[in-house]
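What follows is one structure encoded as structure tokens, with my remarks underneath.
Fair warning: this is a prediction, and the values are worked out from it, not measured in the lab. In what follows, every chain begins at residue 1, and chains take the letters A, B, ... in the order their sequences are listed.
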Amino acid sequence: MDKFQTLEDIFANDQFDILNVKPKVSSARNADERLSASFGEVNDFFAKYNKEPQPNPGNISEFQLYSRLKSIRSDIEKMQSLEEQDIHGLLNFEAKEINSIDDIFNDDTFDLLDDDSDLFEFKHTPKDYERAPSDFVARRKPCKDFDKYEMLFKDIQKDLGDGKRKLVDFKEDNLREGDFYVHNGVLMLLENINLTQEETYVEGKRLRKDGRTRCIFENGTESNMLYRSAAKILYANGKVVTQNMDKVNENFIERFSNITDEDAAAGYIYVLRSKSKDERIIEIDNLYKIGYSKVEVEERIKNAEKDPTYLMAPVKIITSWKCYNMNPQKLEQLLHNFFGKSCLNIDIFDEKKRRHTPREWFIAPIDVIEQAIELIISGEVVKHRYDEKNMIIIEI
DNA sequence: TTTAAACCGAACGTGTTTTG
DNA sequence: CAAAACACGTTCGGTTTAAA
């Protein structure tokens, strides 16, 4: 097809008549009409009671009319557009002549001038307080034993590249000795924290926990800035480097490799996704059920459509693990503790209209759920917690 | 509901390096 | 060489969030 040269070409070529748009005929009233109708009600009130509506808390409709009138009076444009309609003189239109200082003060509709505070009392400017002096100001300087750390930084970079570690938003409670951070794009190791002051409140004044740190930077410098300074710069432009998940999972594999089929009480932990057509369910991304079954998972879910546990709908198996010596109650409790607010909270009604609240559905990405299950099986879960905002598991 | 901690932002200080 | 620009560090207040 030729390229269109002008807008006219485009309109002339409208074979499906899609550009022939008629202006929408709106039956809705426009703002002026609404305002007019609204003022009409105030007029009706005045005609009926021969007084202005008062701020009478006992009478909601009178209060509404009072508020309306007040709002109209505070807006010069509304006043003007309603001038002709003002049959009871409610809007009192005469322009006041301003000749004297007194006239100005008397015309103070918004109480702007009725402020008895001192002009020289600064309420919204910073106070001129004494700042506590610091013992000294840390400076970044070349790190004398950087060769000790160089490989660590290289490893972290590699893990980041391989996706084994991630960068997540900084929070003060993940400022920990031995952890890695990124500040202004530079990797940083918080090598040491030496807290010399715990958080206390003295005479209403807040003293925060603080103390010198040793921070090593990827570029071969180090700084002994204060703990609070480290927190501050990372809030401003920093990230946290997460733990290497492979290391976390190693323990799990070790624990599993020496378990045999002869072990007692084998069962399956499984992860499912719902095929429900329910709007409430469809609109939730990353919704999975984690469950435990003594029989094969396929067997367990055969009647999913009739089981409120499965949201009365078919399900799709995502993964399952064979496991041993698992206590189902404990599993459920662990999951709820771990995922906290990420549990699905929804009411499901079965065929007899009885209400159920399934408790084993969780909102989290599948890789996080798999990690969580591995941590639960290995027992390592107690050393971790789930960060809902970043949707990631963090070592405590 | 009250209280404590976490979070976030900002003012401002102190050295170091660059520039006129 | 002093001033200005820059980089980094310290302290504090207010608001939001979590815990008791």
Rounded to whole Å, CZ of R228(A) lies from C1' of dG13(C) at a distance of 12 Å
d(CG, L226(A); C1', dT11(C)) in whole Å: 10 Å
Taking CE from M225(A) and P from dT14(B), how many angstroms apart are they, rounded to a whole number? 18 Å
Is the shortest side-chain N/O distance from R212(A) to OP1 or OP2 of dG9(C) below 4.0 Å? no
Quick one: label R140(A) by what it contacts on the DNA or RNA (base, sugar-phosphate, nothing), any heavy atom closer than 4.0 Å. sugar-phosphate
Rounded to whole Å, please give me the gap between OH in Y235(A) and P in dT16(C). 15 Å
Give the rounded distance in Å between these two atoms: NZ of K141(A) and P of dT16(B). 12 Å
Calculate the interatomic distance between L234(A) atom CG and dG9(B) atom P; express it in whole Å. 14 Å
Residue pair H183(A) / N237(A): nearest heavy atoms and the distance that separates them: CD2-O, 3.1 Å
Report the residue (K209(A) or K232(A)) whose heavy-atom-nearest nucleotide on DNA chain B is the more 5′ of the two. K209(A)
Roughly how many Å is it from CG in L175(A) to P in dA5(B), rounded to a whole number? 17 Å
Just checking, R300(A) and Y270(A): is the charged tip under 6.0 Å from the six-membered ring centre and within 45° of the axis? no
For W361(A) and L272(A) the tightest heavy-atom approach is CZ3-O, 4.2 Å
Of the candidate nucleotides dC8(B), dT10(C), dT14(B), which contains the atom at the shortest distance from the side chain of R139(A)? dT14(B)
Nearest 0.5 Å, please: how far is SG in C215(A) from CD1 in I233(A)? 6.5 Å
What integer distance in Å separates N237(A):CG from dA10(B):P? 15 Å
Below 4.0 angstrom from OP1 or OP2 of dG9(C), is there any side-chain N or O of S223(A)? yes
